[in-house]
There are 2 protein chains.
Amino acid sequence: MTAGNKSDKVNMKTLARELNLSTATISKALRDSYDISPETKQRVMEAARRLNYVPNAYASSLRKQSSNTIAIIIPEIADSFFSQAINGIESVIAPKKYHALIYLTHDSYEREASMLDDLASGRVDGLIMSVASNTQDTSHIKTLQETGIPIVFFDRVCEDLTADKIVTDDFNSAYTAATHLLQAGCKNISLVTISGYPSILSAREQGYRKALADNGITSEDAGIVTCTNKYTNENVGIIKEHLRAMKPDGIIATVEHLATSTYLACDELKLQIPHDVKVVCFTNQITAAILNPPLTTILQPAYNMGKQAAEILFGRLSGRLVEAEQELVMPSQLVARASTAS
Amino acid sequence: MTAGNKSDKVNMKTLARELNLSTATISKALRDSYDISPETKQRVMEAARRLNYVPNAYASSLRKQSSNTIAIIIPEIADSFFSQAINGIESVIAPKKYHALIYLTHDSYEREASMLDDLASGRVDGLIMSVASNTQDTSHIKTLQETGIPIVFFDRVCEDLTADKIVTDDFNSAYTAATHLLQAGCKNISLVTISGYPSILSAREQGYRKALADNGITSEDAGIVTCTNKYTNENVGIIKEHLRAMKPDGIIATVEHLATSTYLACDELKLQIPHDVKVVCFTNQITAAILNPPLTTILQPAYNMGKQAAEILFGRLSGRLVEAEQELVMPSQLVARASTAS
DNA sequence: CTGAAAGCGCTAACAG
DNA sequence: CTGTTAGCGCTTTCAG
């Protein structure tokens, strides 16, 4: 039981009483309105500071029908890409004194849908999201859009939706990754990926297929390994089985956590990277450079993607940005390291 | 401009009109109150679904003076420990339909203080936090506690504060790490750490010192290297300089991002781990096992710490937990890998 | 320049 | 069982 409880809660009425003014004047003075005299403003500010006045966030939000709050909905948080993106988002909202509610779908469509339904409550002014990998039906998203809440998607976007989107050039990145492996001498390249609908997964797969096709290799799907989207040992088993069966000499892993699984699988089978199999992974992990061996990565501009997403969202919120929704494609970067050395 | 805007906003008044009932009845029916007839409840529920009614979060929070929202304040997000802890927190708040506001201090006392001041606005019912490394004055925290908002600290706690705290046994962990290195044959162990006040840093330092003292080694502070708490190349330089000057044969790194800096520093100086220098780091990075060489870690129970913190917070919020504030110490685990092999 | 009054949408006494 | 009423604390006309 703490002291100084509810009893001494100071609100505008308290200030008004203290200064013999009306709450209307207090309100205007605090918002630095033009039609309040400088002296009154001084007095109000002083009293507010002295009495430790803090405006009630919900009263203000209710009245203004806006909350200075946005939601961030992502599949996972223990993932370098997403946590770096959050940093980018935070870098633009913090200076504006906006607040961020964070929600994790754990890649579940049901959770995602219920989160979006809830957001129609006026809780947030806008939303930045990356869809769950098993989200196919997008009606929950459209319903929220219809309430007028702007949504900006990043990385995992829905193709059938009209909205602002920030993505990387996944097709090209996968194409580049595959080409990089081919140039390193690989003849039999596998794609280690996860199941799901987001376009980034299919784009990465298409890029991979195209690179093989352009080099006269017809894969017949044998080179595609589908893992679960959880960081579990199960994936190590799936990858090992594939390595044993198909004996690929090159692997492209499409999401961050598959790097560890792939390395462990190779290790358990005593396959040497890059001698027996070369590996490249889409990941933003900072430890890539000190892995055994250092891992060639497709590095996404996670921080800047988050930053851009937030900036576009604020453009919408402020009414500054009125053009049609756009898809912004930001370049990823292949960082070559020992895991793909010839 | 999306269709179906504000105009058709449906609130309790709409439902009341629709069904020829009062808003009081609607409110009670929706909350499944005992004194509403089953049939009325049915009608209300049906109408709510049909008209897509979503209760206004802020009106409700304002009226009830509680928001079903908590704040999470942490130094960084792109850090495995913190992101895993958030997962733990989320695992308990999501089923309770609570919301989480997330704030990053970037280890700045000023930002932290302004965040805590703001939370007196009634925006959240409770707070889970890990203090900034340069927070020394804790008056901003005490002030918030006085408003009656329960705060639970985890990992980076303040010693001079009365509050619920979830920590790991940092002293013992560091002692264990140092002992582990001594047993592996190290004679000259350095502690690579960051500057700051949180007790975990001093506990880790004390544990290190005690282990050396217990083994007849007097360090005279020469073995302590202080880095910046940013993930920058600067730290690689600082560590390299120390390695050159002091030639330690063992290193304990106290925070996650120093693992990468330490490995890079050794690499640049062509020092072999573990042959020339053995390394152990406090980190939760999942890639520890696939580093070159695999890294011996002090693994903190991050997920469970977050979970416990949230559970204790809910205990306070519900009034279920009324005993004096407690400090819960959870064990870390030394996971020995090749980086400390003899 | 300042104040009175209405109301954002919801909840909780209290009556009936 | 249902309705009336009075606010939660703030902002915003509109008068003066």
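Lettering of chains follows the sequences in order, A, B, ..., and the numbering in each one begins at 1.
When the side-chain nitrogen and oxygen atoms of S27(B) are compared with OP1 and OP2 of dT11(C), one or more of them lie within a distance under 4.0 Å. Between T40(B) and the phosphate of dT2(D), there is a side-chain N or O to OP1/OP2 separation shorter than 4.0 Å. The side chain of K41(B) contributes no N or O atom lying less than 4.0 Å from OP1 or OP2 of dC1(D). Contact check, S37(A) against dT2(C): a side-chain N or O comes under 4.0 Å of OP1 or OP2. OP1 or OP2 of dT11(C) has at least one side-chain nitrogen or oxygen of S60(B) nearer than 4.0 Å. Put simply, N56(B) has no side-chain N or O that comes within less than 4.0 Å of OP1 or OP2 on dG9(C). Distances shorter than 4.0 Å separate none of the side-chain N or O atoms of T25(B) from OP1 or OP2 on dT2(D). Close to dT11(D), at under 4.0 Å from its OP1 or OP2, lies no side-chain N or O of Q65(A). Distances shorter than 4.0 Å separate none of the side-chain N or O atoms of Y58(A) from OP1 or OP2 on dT11(D).
The structure places CZ of R43(B) at 11.5 Å from CD1 of I36(B), a figure rounded to the nearest 0.5 Å. Rounded to the nearest 0.5 Å, atoms CD (E76(B)) and OG (S130(B)) are 11.0 Å apart.
Rounded to whole Å, atom P of dT2(C) lies 9 Å from atom NZ of K28(A). Look at CZ on R17(B): it is 11 Å from P on dG9(C), rounded to the nearest Å. Rounded to whole angstrom, the span from the CG atom of L15(A) across to the C1' atom of dT11(D) amounts to 15 Å. In this structure, CG of N68(A) is placed 14 Å from C1' of dT11(D), rounded to the nearest angstrom. Here dA6(D) presents its C1' atom at 13 Å from CG of L62(B), a figure rounded to the nearest Å. As a whole-Å value, the separation of Q42(B) CD from dC1(D) P is 14 Å. Distance CE (M12(B)) to C1' (dT4(D)): 16 Å, rounded to an integer number of Å. One atom, CG of L30(B), and another, C1' of dA12(C), lie 15 Å apart when rounded to the nearest Å.
Using cut-offs of 30° and 60° on the angle between ring planes, the pair H140(B) and Y109(B) is perpendicular.
Nearest heavy-atom pair across S22(A) and A16(A) is C-CB, 3.9 Å.
Comparing the axis of the opening five pairs of the helix from dC1(C)-dG16(D) to dG16(C)-dC1(D) with that of the closing five pairs yields an angle of 40°, rounded to 10°.
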T14(B) and N11(B): CA distance, side-chain angles, deciding distance, side chain to side chain donor-acceptor pair (under 3.5 Å) verdict | CA-CA 5 Å; T14(B) 323; N11(B) 53 28; 2.9 Å; yes
From CA spacing to verdict: side chain to side chain donor-acceptor pair (under 3.5 Å), R123(B), H99(A) = CA-CA 10 Å; R123(B) 197 181 289 282; H99(A) 303 260; 3.0 Å; yes
For the pair I86(A) and I74(A), evaluate side chain to side chain contact (heavy atoms under 4.5 Å, CB included) and give the outcome as yes or no after the intermediate values.
-> CA-CA 10 Å; I86(A) 291 175; I74(A) 52 174; 3.8 Å; yes
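Here dG9(D) is the nucleotide among dC10(C), dA12(C), dG9(D) with the atom lying nearest to any side-chain atom of R63(A). Of all nucleotides listed (dT12(D), dA12(C), dG3(D)), dA12(C) comes nearest to the side chain of K64(B).
Between L101(B) and I70(B) the shortest side-chain heavy-atom distance does not fall below 4.5 Å.
Mapping A59(B) and P38(B) onto DNA chain D by nearest heavy atom places P38(B) at the nucleotide closer to the 5' end.
Contact annotation for I26(A): no contact, since no heavy-atom pair falls under 4.0 Å across all strands.
A donor N or O paired with an acceptor N or O is not found under 3.5 Å between the base of dG9(D) and the side-chain atoms of K9(A).
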